[in-house]
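Protein chains get the first letters and strands the later ones, always in sequence-line order, with residue 1 at the start of each.
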Amino acid sequence: MNIGYACLTVGLPEANFRSCTLKNVNDSTLLTLIKHNLNSLDTIIEYNIQNNIKLFRITSDLIPFGSSIVNNIPWWDVFSSEFDSIREKIKNSGMRVSMHPGQYTVLNSPRQDVVKRAVEDLNYHNKVLDSLGVDIESKIILHIGGVYNNKEKATRNFIDNFQMLDEGVKQRIVVENDDKSFNIGDVLTIGLALNIPVVYDNLHNRVLPSDLSKDDHYWISLCRETWKKEDGVQKIHYSQQDAKKRPGAHSSTIAIADFSAFVQKIDLNMDVMLEVKDKNLSAIKCLNYLKEDRRIHNLELEWSKYKYTVLEH
DNA sequence: CGCTGTCAAGGCAAG
DNA sequence: CTTGCCTTGACAGCG
């Protein structure tokens, strides 16, 4: 079981991501910022390797205005040596990276201009992953979008617009349930229709449940079927509610007791992306817990024996 | 220097 | 139809 964290690394010097406002954009500024951000990414990847973290989400802010026409720098060319350096580190360490466009990338919008921008944004995310030379197990996690008073139509719109995407982008996209519009049942319908993997998010499902009689394990088992061999190990998102904030707000850190109860019930052949304020700190905390957990440790040994047996046949 | 407001994005509820 | 709120981390600018 791999544990990962998203985008930022707490307490690591020289690993921040810089940006600028739209009105201050120019080539010189962008070049400086991109160079700085690639250095930060390199530093973070090094940190992950040193801490045995094999799962990591790369921030969408890596390239400022990466999917906007105001940024026409061929950054994948200009900084090819920086990308190559990071690529080697990712590959040699066996790290799985991913990206996750935000709530403003809406592929199923009724507005053509919004769909166009969503397509461009997905192309940008794919370009980053391609520039890093990672395979299609490195996914782009996407939410479905808005409902527009008609979920059936909005669902069809997503499925139709998905067909417009480049083949390379399609191979990377996985869909995730959200906490406002599309619950895990809705997303499974779409994932199965498009034959693409589904990421289950436990907290989103708590805020926007699909079927209250079903538990996390049930949905994770259904989602497992959507992960084909070439997609890599099934991936889920795990987070805990911040008791003091709005429903769906991520906790400041992962409480190990709850994490333990969750993990006991699920398959160990799984990648778990944490969404939590203290980021890498909770990832290390959870990794340490798994290392010390005797039950898990024994099952991991069982699993590796099983894999070995399978390979022999 | 440190704090508060602003920025980017799109959906959606309220007016 | 228009306005304002939601979210996030970092920029921008005021005192």
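Using a 4.0 Å cut-off between charged nitrogen and carboxylate oxygen, A/Asp216 and A/Lys265 do not count as a salt-bridge pair.
Residue A/Arg57 contributes atom CZ, which lies 12 Å from atom P of C/dT8 at whole-angstrom precision. The nearest whole Å value for the distance from the NE2 atom in A/His100 to the P atom in B/dA9 is 19 Å. Rounding to whole angstrom units, NE2 of residue A/His143 and P of C/dT8 are separated by 12 Å. At whole-Å resolution of the value, CZ in A/Phe65 and C1' in C/dA10 are 11 Å apart. The interatomic distance linking A/Leu62 (CG) with C/dT8 (P) rounds to 21 Å, in whole Å. In this entry the distance linking CG of A/Leu142 with P of B/dG11 reads 13 Å, nearest Å. Taking atom CG on A/Asn149 and atom P on B/dA14, their separation rounds to 13 Å, with Å as the unit. Here the C1' atom of nucleotide C/dC6 and the NE2 atom of A/His204 are 13 Å apart, to the nearest Å.
Using cut-offs of 30° and 60° on the angle between ring planes, the pair A/Tyr289 and A/Phe259 is perpendicular. Relative ring orientation between A/Trp75 and A/Tyr124 is described as perpendicular, the plane-to-plane angle rising above 60° on a 0-90° scale split at 30° and 60°.
Across residues 18-40 of chain A, A/Arg18, A/Ser19, A/Thr21, A/Asn24 each have a non-hydrogen atom less than 4.0 Å from an atom of DNA chain C (numbered order).
Among the heavy atoms of the strands, none lies under 4.0 Å from A/Gly102. Contact annotation for A/Ser181: backbone-only contact, meaning every heavy-atom pair under 4.0 Å involves sugar-phosphate atoms and none involves a base.
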*Are A/Phe158 and A/Val187 close enough, and set up right, to give a side-chain contact (heavy atoms from CB on, under 4.5 Å), and what steps lead you there?*
CA-CA 11 Å; A/Phe158 184 91; A/Val187 176; over 6 Å; no
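The shortest distance between side-chain heavy atoms of A/Pro247 and A/Asp179 does not fall below 4.5 Å. Considering only heavy atoms from C-beta on, A/Phe56 comes within 4.5 Å of A/Leu41 through its side chain. For the pair A/Glu225 and A/Leu192, the minimum side-chain heavy-atom distance is 4.5 Å or more.
Contact between the side-chain N/O atoms of A/Arg117 and the OP1/OP2 oxygens of B/dG10 is found at a separation under 4.0 Å. Considering only side-chain N and O atoms, A/Tyr104 lies nowhere under 4.0 angstrom from the phosphate OP1 or OP2 of B/dG11. Close to B/dA9, at under 4.0 Å from its OP1 or OP2, lies no side-chain N or O of A/Thr105.
You'll find that the side chain of A/Val147 is closest to B/dC12, out of B/dG11, B/dC12, C/dA10.
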